[in-house]
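Below: one structure, written as structure tokens.
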Amino acid sequence: MGSNISLDAASLLALVLEGVAYGFSILMFIGTIWALTYKQRMQDVSRPIIVVAILLLILSTVHIVVSVVRVEDGLVKYRNTFPGGPVVFFADLSQYTFTIKNVLYILQTLVADGVVIYRCYVVWRSLLVIVLPGMLWCSVAVTGVFATYGFSQVTTDSEQFYNERGQPAYWVTAFFVSSIATNLSSSALLAYRIWMIEREVSTVRTKKNTTMPIVRVLVDSAVLYSVALLTALISYACSNNGDILMVDMLMPIISIAFYMVLIRIAINRKHSHISTIGMISGTESSRLQQYPMQPLQVTISKFTHHDSNAVYGIENKDRLSTFMAESREGSLELHAN
């Protein structure tokens, strides 16, 4: 570990990089709230999703605050009083600030992965589909708890810990592997289902309104999160202190990946609404031209569907498109007197 970055330098650099990513996640959060609420009626706003978005922001905020406290303790407060100096301070894995950061990271991971798994259930309408992601999610929780507890019991310095590869190290490896598997499996199932729905309704769609941008954003967010997790896992397996940087950065990265999907779906939903209005207006105009000299009585039937299980509006895409395709000839009833 002679060429490895020192723990005090790694902790300081991790705080700086986390701060940059956290600032970007704040902007993404503001964009998410705007996309979900702009020109929307209160009853149309998805409150559970807003709650999850706020929860992710709160967890990220508390995490970076604890990171600041930990760096301030190690480099300023206990710099000259802690036995061994800052390096030994940051090597002490039983520090309460280190434990709190691990707990916050595990909670952030469980919330984000849980939402993706729930989206899979809503889109597929089947519990069998989410059995594997659900089991992986449980393994993330179990390995995270055991890893955090194991770290809190470590009293040796980090170099001895890394060289011995004690029991907490195995739990950490299992945690990262479970997180990667959970994210990839649930995101792949969700993207595949949306792609299948898009292919089914594309034959009856009268206007160009595709959900493929949502699929691309799902893939991009899954790749972003998985690459960060894989980098942290490789650094940890190689006993490199660079894993400190990646773990701290993962907190805002999880939020950013979540907000990416929300913003893209909100934009796609608004475009879908505009396309639907344009299709109805065009149909009405063409029919009015057929009766230029006749007074017309126009009756417009309004179709509204509220689904308490709706998540981001994805799962109703096939039903809405099918309804539009079947009723586009009968939704406007024109009677000549």
Side-chain angles (χ1 to χ4, degrees), residues 1-22 24-25 60 63-64 67 70 87 90-91 93 98-99 101-110 112-113 116 132-133 136-137 139-151 154 156-188 219-258 260:
M1 295 180 65
S3 60
N4 197 3
I5 184 174
S6 62
L7 284 172
D8 53 346
S11 299
L12 181 60
L13 182 58
L15 176 61
V16 173
L17 295 178
E18 182 184 4
V20 174
Y22 174 76
F24 187 69
S25 70
S60 297
H63 187 275
I64 194 172
S67 296
R70 178 171 171 79
V87 175
F90 290 110
L93 304 179
F98 186 76
T99 302
K101 288 176 62 176
N102 287 336
V103 171
L104 292 171
Y105 171 58
I106 293 171
L107 291 176
Q108 184 95 328
T109 301
L110 292 176
D113 290 345
V116 177
L132 178 59
L136 291 171
W137 185 86
S139 70
V140 170
V142 172
T143 55
V145 169
F146 276 97
T148 301
Y149 176 77
F151 278 136
V154 173
T156 57
D157 61 85
S158 65
E159 184 172 356
Q160 182 180 357
F161 169 75
Y162 276 122
N163 289 338
E164 291 179 354
R165 307 305 293 173
Q167 190 178 32
Y170 293 118
W171 286 118
V172 172
T173 303
F175 173 82
F176 281 131
V177 172
S178 300
S179 298
I180 295 174
T182 303
N183 176 63
L184 290 179
S185 61
S186 55
S187 298
V219 174
D220 291 342
S221 62
V223 170
L224 172 65
Y225 183 30
S226 298
V227 168
L229 282 172
L230 185 61
T231 304
L233 175 60
I234 293 175
S235 299
Y236 186 82
C238 295
S239 300
N240 190 294
N241 291 332
D243 70 310
I244 298 176
L245 280 67
M246 294 309 305
V247 170
D248 283 355
M249 288 185 63
L250 273 169
M251 288 293 294
I253 285 177
I254 292 173
S255 300
I256 290 171
F258 184 79
M260 282 171 55

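The model shown is predicted, which means the values in this text are computed figures rather than measured ones.
Between Phe90 and Arg70, some side-chain heavy-atom pair lies under the 4.5 Å cut-off. Side-chain contact between Ser6 and Asn241 is absent, with no heavy atoms from C-beta onward closer than 4.5 Å. The shortest distance between side-chain heavy atoms of Val247 and Phe176 falls below 4.5 Å. For the pair Asp248 and Leu17, the minimum side-chain heavy-atom distance is 4.5 Å or more. The shortest side-chain heavy-atom distance between Ile64 and Leu15 falls under the 4.5 Å cut-off. The side-chain heavy atoms of Phe175 and Tyr105, taken from C-beta on, include a pair separated by under 4.5 Å.
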Given the rule in the side chain to side chain contact (heavy atoms under 4.5 Å, CB included) test, do Ile106 and Val145 qualify, once you have shown the distances and angles that lead to the verdict? CA-CA 8 Å; Ile106 293 171; Val145 169; 5.7 Å; no
Verdict with supporting geometry, Tyr236 and Thr173, side chain to side chain contact (heavy atoms under 4.5 Å, CB included): CA-CA 8 Å; Tyr236 186 82; Thr173 303; 4.1 Å; yes
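Between Gly242 and Ile5, the closest heavy-atom pair is N-CG2, 4.4 Å. The two residues Ala257 and Ser221 come nearest to each other via the heavy atoms O-CB, 3.6 Å. Residue Ala222 comes nearest to Asn183 through the heavy atom pair O-ND2, 3.1 Å, listed as atom of the first residue, atom of the second, then distance. In terms of heavy atoms, Val87 sits closest to Leu7 at O-CD1, 3.8 Å. Nearest heavy atom pair, residue Leu250 against residue Ala228, reads CD2-CB, 3.4 Å.
Donor-acceptor pairing under 3.5 Å is lacking for the side chains of Glu18 and Ser60. A donor-acceptor contact under 3.5 angstrom links the side chains of Ser139 and Ser178, judged on distance only. In the model, Thr148 has no side-chain atom that pairs as donor or acceptor with a side-chain atom of Asn102 under 3.5 Å.
The side chain to side chain contact (heavy atoms under 4.5 Å, CB included) with Tyr225 is formed by just one residue from the set Asp220, Leu184, Asp113, Val116; it is Asp113.
Separation of atoms CD (Gln108) and CG (Leu110) is listed at 10.0 Å; rounding is to 0.5 Å. Atoms OG1 and CG, on Thr231 and Asp243 in that order, are 11.0 Å from each other to the nearest 0.5 Å. Between atom CD1 of residue Ile253 and atom OG of residue Ser25 there is a gap of 10.0 Å, rounded to the nearest 0.5 Å. Taking CG of Leu12 as the reference point, atom CG of Leu245 lies at 10.0 Å (rounded to 0.5 Å).
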